[in-house]
Amino acid sequence: RSSDLGSASARGSHDWFKKLAYRYRRVKEIYQVYSANPASLLSGPKFEEWRQVSSEIAHLTDNWLGLAVKSLSIVNDKSPGYVNVLVTTTALVPALSKLMLYNLGPVFPVENIYSAPKVGKDCCFERISARFGSKCTYVVVGDAAEEE
């Protein structure tokens with residue numbers, strides 16, 4: 001039950017961590033299966049509706065998203081030393097859903113997506129630095145002082 005994970009008495013228990021770990025494994029599995037083909041998650045009419053909305057968004061933004069996907073794909077397709085990493089203030093499941101809907105799933109492996117609403121972006125950036133090292137070149141795109 002979802003209430004089991006949110007109650008104060010359940011937090012910190014072994015069972016709580018097992019349930020949380022299972023949920024994250026399941027979310028990761030769904031993302032990995034559907035990120036390259038999110039249309040398979042939507043029924044026929046819903047997919048057509050989303051396709052139409054996506055087409056209108058592309059038209060209204062001069063294909064901004066398409067260009068972003070192309071740029072990210074170039075980084076993703078380079079040698080193993082290049083990766084795309086995403087840090088977002090959106091909760092993890094909605095963030096993964098958005099990535100799939102906007103066809104960004106293939107350029108962001110699930111292990112390179114950091115959700116910051118509870119821990120903050122600074123903590124995420126510290127984890128990224130610890131994971132990839134300080135000798136890397138980081139290119140950060142954002143709209144807040146935290147990304148500077």
Side-chain angles (χ1 to χ4, degrees), residues 1-8 10-11 13 15-132 136 138-147:
R1 292 186 334 217
S2 61
S3 62
D4 290 344
L5 288 177
S7 70
R11 286 190 201 124
S13 73
D15 288 342
W16 183 82
F17 283 112
K18 283 175 62 176
K19 287 179 185 178
L20 187 63
Y22 170 77
R23 286 188 180 184
Y24 278 102
R25 278 193 310 272
R26 184 69 180 124
V27 166
K28 179 180 179 181
E29 177 184 296
I30 291 168
Y31 182 80
Q32 289 174 324
V33 168
Y34 294 105
S35 65
N37 186 18
S40 59
L41 283 171
L42 301 173
S43 64
K46 288 287 184 192
F47 172 71
E48 284 305 314
E49 195 175 318
W50 175 248
R51 196 177 62 74
Q52 180 62 35
V53 168
S54 296
S55 177
E56 289 175 27
I57 290 171
H59 175 72
L60 293 170
T61 61
D62 292 328
N63 197 31
W64 180 90
L65 181 60
L67 295 172
V69 171
K70 187 175 181 177
S71 298
L72 291 164
S73 294
I74 290 169
V75 171
N76 201 52
D77 294 341
K78 288 205 174 240
S79 69
Y82 295 84
V83 296
N84 293 315
V85 178
L86 177 78
V87 177
T88 179
T89 55
T90 303
L92 185 62
V93 172
L96 296 175
S97 300
K98 289 177 187 178
L99 287 170
M100 288 191 299
L101 282 173
Y102 289 110
N103 294 316
L104 290 165
V107 296
F108 287 106
V110 71
E111 61 272 4
N112 291 353
I113 301 168
Y114 294 79
S115 179
K118 292 184 181 177
V119 298
K121 284 186 179 180
D122 287 340
C123 180
C124 291
F125 294 141
E126 288 172 10
R127 289 178 184 175
I128 292 165
S129 181
R131 180 174 167 204
F132 294 105
C136 295
Y138 293 96
V139 178
V140 180
V141 178
D143 61 358
E146 296 164 308
E147 288 91 14

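Since the model is a prediction, treat every value here as computed from it, not as a measurement.
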### Task
Nearest 0.5 Å please: distance from the OG1 atom of Thr88 over to the NZ atom of Lys121.
7.0 Å

### Query
Roughly how far, to the nearest 0.5 Å, is CE of Met100 from OG of Ser40?
9.0 Å

### Task
Identify, with sequence neighbours excluded, every residue that meets ring pair (Phe, Tyr, Trp, His ring centres under 6.0 Å) alongside Trp64.
none

### Minimum-distance pair of heavy atoms, taken over all atoms of Leu65 and Tyr102
CD2-CD2, 3.4 Å

### Summary
So side chain to side chain donor-acceptor pair (under 3.5 Å) across residues 26-38, not counting sequence neighbours, yields Arg26-Glu29

### Message
Would you say that Val87 contacts Phe125 through its side chain, given a criterion of any heavy-atom pair below 4.5 Å between the two side chains?
### Response
yes

In residues 103-120, what donor-acceptor pairs under 3.5 Å come from side-chain atoms, sequence neighbours left out?
unit_1: Asn112; atom_1: OD1; unit_2: Arg131; atom_2: NH1; d: 2.8
unit_1: Asn112; atom_1: OD1; unit_2: Arg131; atom_2: NH2; d: 2.9
unit_1: Asn112; atom_1: ND2; unit_2: Asn84; atom_2: O; d: 3.2
unit_1: Tyr114; atom_1: OH; unit_2: Arg131; atom_2: NH1; d: 3.2
unit_1: Ser115; atom_1: OG; unit_2: Thr90; atom_2: O; d: 2.8
unit_1: Ser115; atom_1: OG; unit_2: Leu92; atom_2: N; d: 3.3

### Query
Roughly how far apart are Thr61 OG1 and Glu56 CD, rounded to 0.5 Å?
11.5 Å

### Query
With Arg25, which residues qualify under salt bridge (charged side-chain N to carboxylate O under 4.0 Å, His left out), at least two apart?
none

### CG on Leu72 to CG on Asp77, rounded to 0.5 Å
10.5 Å

### Query
ring pair (Phe, Tyr, Trp, His ring centres under 6.0 Å) with Phe132: which residues, sequence neighbours excluded?
none

## Note on the structure
Correct closest heavy-atom pair for Ser129 and Tyr138 would be CA-OH, 3.7 Å

### Message
Would the distance check show the side chain of Ser55 and the main-chain N or O of Arg51 forming a donor-acceptor pair, the cut-off being under 3.5 Å?
### Response
no

### Query
Heavy atoms, side chains only, cut-off 4.5 Å: are Val75 and Val83 in contact?
no

### Task
Applying salt bridge (charged side-chain N to carboxylate O under 4.0 Å, His left out), name anything that partners Arg127, two or more places apart in sequence or on another chain.
none

